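Let me begin by presenting the structure, written as structure tokens, before commenting on it.
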Amino acid sequence: MASRFNPLKADAHWQKVWEEGGTFRAADESGRPKSYILEMFPYPSGRIHVGHGRNYVMGDVLARHKRMQGFEVLHPMGWDAFGMPAENAAIERKVHPGEWTRANIATMREQLKLLGLALDWSREFATCDPSYYGHEQALFVDLFEAGLVYRKESEVNWDPVDMTVLANEQVIDGRGWRSGAPVERRKLSQWFLKITDFAEELLEGLAGLDQWPEKVRLMQENWIGKSRGMRFRFGISGPKPGMESFEVFTTRPDTIFGSSFAALSPDHPIALAIAKADPEAAAFIAECKRGGTTAAELETAEKLGFDTGLKVVHPLDPDWLLPVYIANFVLMDYGTGAIFGVPGHDQRDFEFAGKYGLPIRRVVAASDEDANKPVEGEAEPGEGVLVNSRFLDGMDVEAAKAAVIARAEAEGWGEGTTVWRLRDWGVSRQRYWGTPIPIVHCGGCGAVPLPKDQLPVVLPEDIDFETPGNPLDRHPTWKHVACPRCGGEAVRETDTLDTFVDSSWYFIRFASQPADRPFDKATAERWLPVDQYIGGVEHAILHLLYARFWTRALQHIGMLDMAEPFQGLFTQGMVTHRTYQDAGGNWLLPEEADEAKAAGRTVTPGRIEKMSKSKKNVIPPEPIVAQYGADALRWFLLSDSPPERDLQWTDAGIEGAWRFVQRLWRLASADEAGEGEHAGEDRALDRKLHQTIAAMGANIEALAFNKAVANIYELANAIEKAPASASRRVAVETMLRLVAPMAPHVAEEAWAATGRNGLIADAPWPEADPALLIEDEVTIAIQVNGKLRDTETAPKGAPKEDLEAMALSNEAVQRILAGAAPKKVIVVPDRLVNVVA
RNA sequence: GCCCCUGUGGCGGAAUUGGUAGACGCGCUCGACUCAAAAUCGAGUUCCGCAAGGAGUGCCCGUUCGAGUCGGGCCAGGGGCACCA
């Protein structure tokens, strides 16, 4: 056995052995229990760095561990390959988005392979393959036919120079990022998926996701945003603007007697009707639309209103008329687009009332005595008892809400209702590099979904990015087709699907990929749900919610018999690295920083930040693997930081990992060399070994890889200190199996070099012997008044009286007691004795 | 503004139901080996103190025989949502 482990040779060798042996191929049919381990598939942006690696290595440890435990493991990899960066590259570098994407995939695949991941590469696909997106189109058609897809007008950010729709992040200070032209809001007819049909289910389903981080469930809950309240009609008194009444929504029906105005959104149909006849109103509405929508602007934005002159009748008092305003803070797409204003108990209404001199009435107070105290300074949105509210007086807020709803329902002017913050999912993108929406627009038949035998609708290759606008729309022939229904002249939908659609079902396609349909139900159900899903917390809301919705939608149409796709979810931390900047604020590579320093120029060590190309602080895997080997890289990515927190990349860290890989090798070598006798028991080492087996298993299951690493270090320390024995030999062999999921190359190499048969990847995971988990001696803490004074050893399970006697005869205890009798003695068996003086 | 999370040595971080705070790693110090270095091995490493001892888990208060852990009130850092009625 060589004296040093040579990763350069070993990594490539074992990777080849695994690949050629199909070691990590997942068999659909096997008698073993299944385990589906998945990391969020990458977007092929160019090259991976070690930050991506951390994510995949974590999943890899789980996959290898499960495999050794006898599970049939599905651990696939693919590419989330549609998206804007490819189009940007096409425009900037004049390469086809597909070409750019496929080149990136090839690079990144090779980079990933350097890590020695236990992946089933036979299931690899990219979402830009027609053999993937064609099935997605079929699913879209199915959802369309089930009534879960519809079209409506929706506003987009429009760049008038580039003639293109911009995503929110492409709008910088109200201007298009590329053209610099002021962005306009334009209404386009777009496709939506009815995620709101599932709002209640998606919310309730969260409760069952007990293997998800609490934080993510909370974020989704807030995003879905369920509010209970009441909807009711305001009748318009006097001249009508074409309508007799309008509806408002409130979560505080209890404050109905505190109302002093009603307000409409600038987009409300009545507001628009008024604007037609009234230029002043029209000007006000235009003014509202001009304002920015950034957080900072909204925070400082003044509450503005326009008095329409209309009056509405208070539903509980026909003689009570309220003025109707158009107000800039009322949103059209939440509730009903109209509100009733209660200045005393809502901050926005309070500000509005102050500005327009409207009455501020108190209807909730801390107690009856405060009924006539004015509401001052700010609104009081909290709890209390109802005052100045006729039949509600004296009730608490909840009772009053119920009473008002009951009355409204009895009298027929309103009803209790629930509204959601969640909006339907707009999936139309006016872009080339995405899944074409499989719809044809026919003058006679309207929007017609394509029959499945006309799928896939394949993206044309001969496209032109020189002219502004959507290349699909401008393609000379692509969009012209015969209507599938009437055969007449028709045009294709030229919008493509949001890339979140692509990632909403890829995990199903990994599990089952027949050529003629999206997936086979039975095969997919054999693998699903994903047992452990790993990815960044930035996907906590959108991707995970959309995938949950998509799965439920497939269940709804009978294609899949399950509601939740991801049983366990883990959100891992990022890998961070120091940044450097020169005097001009330009980011420098670490080596550039060294050069600049040597040349006497100013270099500012910047913050430690997430690895990103623009900050020039990425660490690619190649040089690390070349210098230290895949296992050292894997080991470092797993040690030190808890996996959910950020990990700082340091040279010292990777070197430490490298040293440990070598140490493992030395331990295995020493064992093989047969230094001394391989005979005799070492009970202490046996116990340490079995405690480590138990702890490691629990820690890997809990994804506490940093603790599992610590377990291994402790065991290695114990083995090094132990004299040769049969126990020691077993401990070394077992340790190799325990590290195999984390450092598989050195484990295989040592396994083979010490004459063991087969692959360690196929070896069974060790089992802890319960009898060896128990110590026969324990250390008892001797405390006086809760303060540690001494420790003593005692046999495990020693009776309380013995421990008490031992403590009382302890020198330190006697010195402190100084002859006085203790007030009390508390004995915790096998742990401590606390003498209360 | 609302909701949530985190705070432990020089650093990353460990600590079952409240029960010996600082496991393990990094770094550092001293020593062995070496002509020397690297590698490796050994000892030490929360702070103050020669020691005995004392203090100590962001701060203050409380519950308890006993609090990093539980309760109340602050402070700091981070995250999510945000004119959502």
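Protein chains get the first letters and strands the later ones, always in sequence-line order, with residue 1 at the start of each. The figures here come from the full heavy-atom set of this structure, side chains too, leaving out hydrogens, waters and symmetry mates. The shown structure was predicted, so the numbers you read here are calculated from the model rather than taken from an experiment.
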Discussion item. Looking at A:Lys303 and B:rC83, is any side-chain donor or acceptor paired with a base atom of the opposite kind under 3.5 Å?
Written reply: yes
Fill in: side-chain N/O A:Arg831 vs B:rU16 OP1/OP2, d < 4.0 Å
no
Practice prompt. Check every atom of B:rU40, B:rC24, B:rG53 against the side chain of A:Asn717 and return the nucleotide holding the closest atom.
Written response: B:rC24
Discussion item. If the cut-off is 4.0 Å, is A:Arg4 near the phosphate of B:rA38, judged by side-chain N/O to OP1 or OP2?
Written reply: no
Discussion item. How long is the straight-line distance from CD1 of A:Ile195 back to CH2 of A:Trp425, given to the nearest 0.5 Å?
Written reply: 7.0 Å
Practice prompt. Using a strict 4.0 Å threshold on nitrogen-to-oxygen distance, state whether A:Lys226 and A:Glu221 make a salt bridge.
Written response: no
Worksheet item: Quick one: is A:Arg789 getting a side-chain N or O under 4.0 Å of the B:rU20 phosphate, OP1 or OP2?
Response: no
Practice prompt. Would you tell me if any nitrogen or oxygen in the side chain of A:Lys215 comes within less than 4.0 Å of OP1 or OP2 on B:rC3?
Written response: no
Worksheet item: For the pair made of CD in A:Gln648 and P in B:rG27, what is the distance, rounded to whole Å?
Response: 14 Å
Worksheet item: Is there a side-chain polar atom (N or O) of A:Asn706 under 4.0 Å from OP1 or OP2 of B:rA14?
Response: yes
Worksheet item: Would you say the side chain of A:Arg645 and the base of B:rC5 hold a donor-acceptor pair, judged only by whether the two atoms sit under 3.5 Å apart?
Response: no
Item to complete: Please determine if a side-chain N or O atom of A:Arg252 lies less than 4.0 Å away from the OP1 or OP2 oxygen of B:rC84.
Response: no
Worksheet entry | Nucleotide nearest A:Ala710 when distance is taken to its side chain, options B:rA85, B:rA23, B:rG19 | B:rA23
Discussion item. Can you confirm if the NZ or CZ of A:Arg4 lies within 45° of the ring axis of A:Trp665 and under 6.0 Å from the centre of its six-membered ring?
Written reply: no
Worksheet item: Is a side-chain N or O of A:Arg728 found less than 3.5 angstrom from the main chain of A:Ala722, in a donor-acceptor match?
Response: yes
Worksheet item: Would you say A:Arg217 reaches B:rC3's phosphate, i.e. side-chain N/O to OP1/OP2 under 4.0 Å?
Response: no
Discussion item. Of the options B:rA85, B:rG25, B:rU20, whose atoms approach the side-chain atoms of A:Leu788 most closely?
Written reply: B:rU20
Item to complete: Would you kindly give the CD1-to-C1' distance between A:Ile541 and B:rA82, to the nearest whole Å?
Response: 12 Å
Worksheet item: Do any side-chain nitrogens or oxygens of A:Lys787 fall under 4.0 Å of OP1 or OP2 in B:rC65?
Response: no
Worksheet entry | Plane angle bin for A:Trp649 and A:Phe636 - parallel if under 30°, tilted between 30 and 60°, otherwise perpendicular | perpendicular
Worksheet item: Between B:rA85 and A:Ser227, is there an OP1 or OP2 to side-chain N/O distance shorter than 4.0 Å?
Response: yes
Practice prompt. For B:rG9, measure the glycosidic angle (O4'-C1'-N9-C4 for a purine, O4'-C1'-N1-C2 for a pyrimidine) and name it syn if it falls within 90° of 0, otherwise anti.
Written response: syn
Worksheet item: Hey, does the side chain of A:Arg666 come within less than 4.0 Å of B:rC41's phosphate (OP1/OP2), counting only N and O?
Response: yes
Practice prompt. Return no unless some side-chain N or O of A:Tyr334 is found under 4.0 Å from OP1 or OP2 of B:rA85.
Written response: yes
